[in-house]
Amino acid sequence: MKPRSESDSNASGCRSQSAFALIDGNSFYVSCERVFNPKLEGKPLVVLSNNDGACIARSEEAKALGVPMAVPYFQIRKAFERAGGIAYSSNYGVYAELSQRMMSVIGQFSDRQEVYSIDESFIQWTGFHRFDLTTLAVDLRKRVKRWVGIPAGVGIGATKTLAKSANRLSKKHPDFKAQGVCNLLALPEAVQDTYLARLEVGDVWGVGARWAQKLQSLRIRSALDLKQVDPGWIRQQVSVVLERTALELRGIASIELEEAPPPKQQIISSRSFGQPVTSLDELSQAVSAYTARAAENLRAQASRAGALTVFLQTNPFDPKEPQYYPSITIRLGPSSADTRILMRAALSGLKHIYKPGCRYRKAGVMLPDLSAATVEQGDLFSELFDPAAGIIQQADRERLMTTLDQLNQKLGRGTLWIVAEGFQQNWRMRRENLSPAYYTSHWDQLPVVRA
DNA sequence: TCTGGGGTCCTAGGACCC
DNA sequence: TCTGGGGTCCTAGGACCC
């Protein structure tokens, strides 16, 4: 383990002990669509959420037309399309593939990397000359663009929160926009502060709408204000979480780099339906399908679930409809990662909460109480009385699930599925303008790269 | 007609125990 | 008049992130 933030105390300050960079893809989903369809360059473009509901990524041109983040598409559709705007349904398979490539290119620039989200990665540098970091970041950006096709922004600072702020500046502030890189470490602290003064407190990583409002009322309006206030007082007034943010703004590293993400503590699979669903039959299919997905993710991280929650939702936006948001949690005897066992639990739960006469908009399955699959949680009653049979059954189960996962991974999701998931699947979400799948691992479907 | 999905951490309060 | 006090575990809710 490395000593953390043993900060560079010699006064010359020409070497930085530890620097964080945050790299993120600009309008990531939009940029992904453009990688495979260069004609979209320069056009107002949005990518829609599941079910073609809301705009979750916007090109600069779309932002310029005034398309707000997360706006329901139907509200802007007419005007947007009249202005030449184009909307794509989200195509997560493609985005995930490009994300992996981008992350691996970024990883070439440091041996300490945290993949923070589908489009963001932190890396940590130690012992570099702080001015050289700018050059390094410029190279990184060029390489990501050339090798993956995604334009990216880079922010560099002494802590993760400062790197985040710098990244924001790299996109917003004219001093950095052209280069796409903002290296706060290359600036004297007084100059850094002038930039922090121009960053709204609500734009700081870790400050959401609620806390921004609260801070405003305490006369803390900019990132600099938050940096200069006493962190202990912030803890008193708001929370220990925000105290950490305040410390980070002062350059005191309080949020560590997480190189290997810990296994998830809960797994959720849920979707809105393409159209309202009323019948138990269709709900059963949907819940079965979501359970299958959740179970697949569960096995992918080598965990088992001790319980399962099923929930339903009517349309919250329709004031005339009676609202109903039931959920039920079912304890599984011994924890399990077997799709069939989880499905049985899910369907029995569904029967308990299903009420005829409601128009359901959404259903989902949650797997809480996860544990590592290596920990054998024997069932006292079956395995104690018949250990041999118990073990054989368990081994069989695992082999079957492994085979299922391998086939689906190799031949595509949905190659092998459990009949309860249904054949018709009328409840499937809408994706009216989906770009082709571009199976980027298949030679014959490789995109053409522009020189 | 049409409004995403999937996570984390922290705290407060109740149940339970000694 | 006068009712212990402290620890642990669990859950729900509220905040945050992308």
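In the text below, chain A, chain B and the rest are named by the order of the sequence lines, each starting its count at 1. Note: hydrogens, waters and symmetry copies are ignored here, and every other heavy atom, side chains too, is used. Remember, predicted model here, so these are calculated numbers, not experimental data.
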State which residues pass side-chain contact (heavy atoms from CB on, under 4.5 Å) with A:Leu40; sequence neighbours excluded, sorted by chain then number.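 Expected list: A:Glu33, A:Arg34, A:Asn37, A:Leu45, A:Ile86, A:Tyr88.
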Would you call the rings of A:Tyr360 and A:Tyr354 parallel, tilted or perpendicular if under 30° counts as parallel and over 60° as perpendicular?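 Plane angle between 30° and 60°, so tilted.
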Return the orientation label for the A:Phe273 and A:Tyr290 ring planes: parallel under 30°, perpendicular over 60°, tilted otherwise. parallel
Side-chain donor-acceptor contact under 3.5 Å, [X] with [Y]:
| X | Y | result |
| --- | --- | --- |
| A:Arg299 | A:Thr339 | yes |
| A:Gln113 | A:Ser121 | yes |
| A:Tyr195 | A:Asp175 | yes |

Based on Watson-Crick and G-U pairs with both distances under 3.5 Å, what dot-bracket line describes DNA chain C 5' to 3', crossing pairs as [ ] and inter-strand pairs as |? ....||||||||||||||
In whole Å, what is the span from the [atom1] atom of [X] to the [atom2] atom of [N]?
| X | N | atom1 | atom2 | result |
| --- | --- | --- | --- | --- |
| A:Met429 | B:dT3 | CE | C1' | 15 Å |
| A:Arg361 | B:dC2 | CZ | C1' | 8 Å |
| A:Arg428 | B:dG4 | CZ | C1' | 16 Å |
| A:Asn315 | B:dG4 | CG | P | 9 Å |
| A:Arg430 | B:dG4 | CZ | C1' | 13 Å |
| A:Phe273 | B:dG4 | CZ | C1' | 14 Å |
| A:Ile267 | B:dG6 | CD1 | P | 11 Å |
| A:Ile268 | B:dG6 | CD1 | C1' | 6 Å |

Using the closest heavy atom to pick a nucleotide of DNA chain B for each, name whichever of A:Val240 or A:Pro72 lands nearer the 5' end. A:Pro72
Specify the residue among A:Ala70 and A:Arg235 whose closest nucleotide of DNA chain B lies further upstream toward the 5′ end. A:Ala70
Considering only atom C1', compute the distance from B:dC16 to C:dG4 and round it to an integer number of Å.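 Per the computed distance, 15 Å lies between those C1' atoms.
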Provide the distance between the two C1' atoms, one in B:dC2 and one in C:dC18, to the nearest whole Å. 24 Å
With the threshold set at 4.0 Å, does a side-chain nitrogen-carboxylate oxygen contact exist between A:Arg430 and A:Asp52? no
Does B:dT3 have OP1 or OP2 under 4.0 Å away from a side-chain N or O of A:Lys362?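 So the side-chain polar atoms of A:Lys362 never come under 4.0 Å of the phosphate oxygens OP1 or OP2 of B:dT3.
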Does B:dG4 have OP1 or OP2 under 4.0 Å away from a side-chain N or O of A:Ser270?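 Answer is no, no contact under 4.0 Å.
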Partner of A:Gln237 under side chain to side chain contact (heavy atoms under 4.5 Å, CB included), chosen from A:Leu218, A:Leu215, A:Val229: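 Among the candidates, only A:Leu218 passes.
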With heavy atoms under 4.0 Å as the rule, sort A:Ser90 into base, sugar-phosphate or nothing.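 Touches nothing.
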Hey, does A:Arg271 reach any base, or is it just sugar-phosphate, or nothing, if we go heavy atoms under 4.0 Å? sugar-phosphate
If you define the side chain from C-beta out and look only at heavy atoms, does anything of A:Lys227 sit under 4.5 Å from A:Leu196?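 Touching, per the 4.5 Å side-chain cut-off.
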Do we get A:Lys160 above A:Phe122's six-membered ring, with its NZ or CZ under 6.0 Å from the centre and within 45° of the axis?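 Judged by the rule (NZ or CZ under 6.0 Å from the ring centre, within 45° of its axis), A:Lys160 counts as positioned above A:Phe122.
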Sugar-phosphate means primed atoms, P, OP1 and OP2; the rest is base. With that split, encode nucleotides 7-18 of chain C 5' to 3' as B, S or - using protein heavy atoms under 4.0 Å. --------SSSS
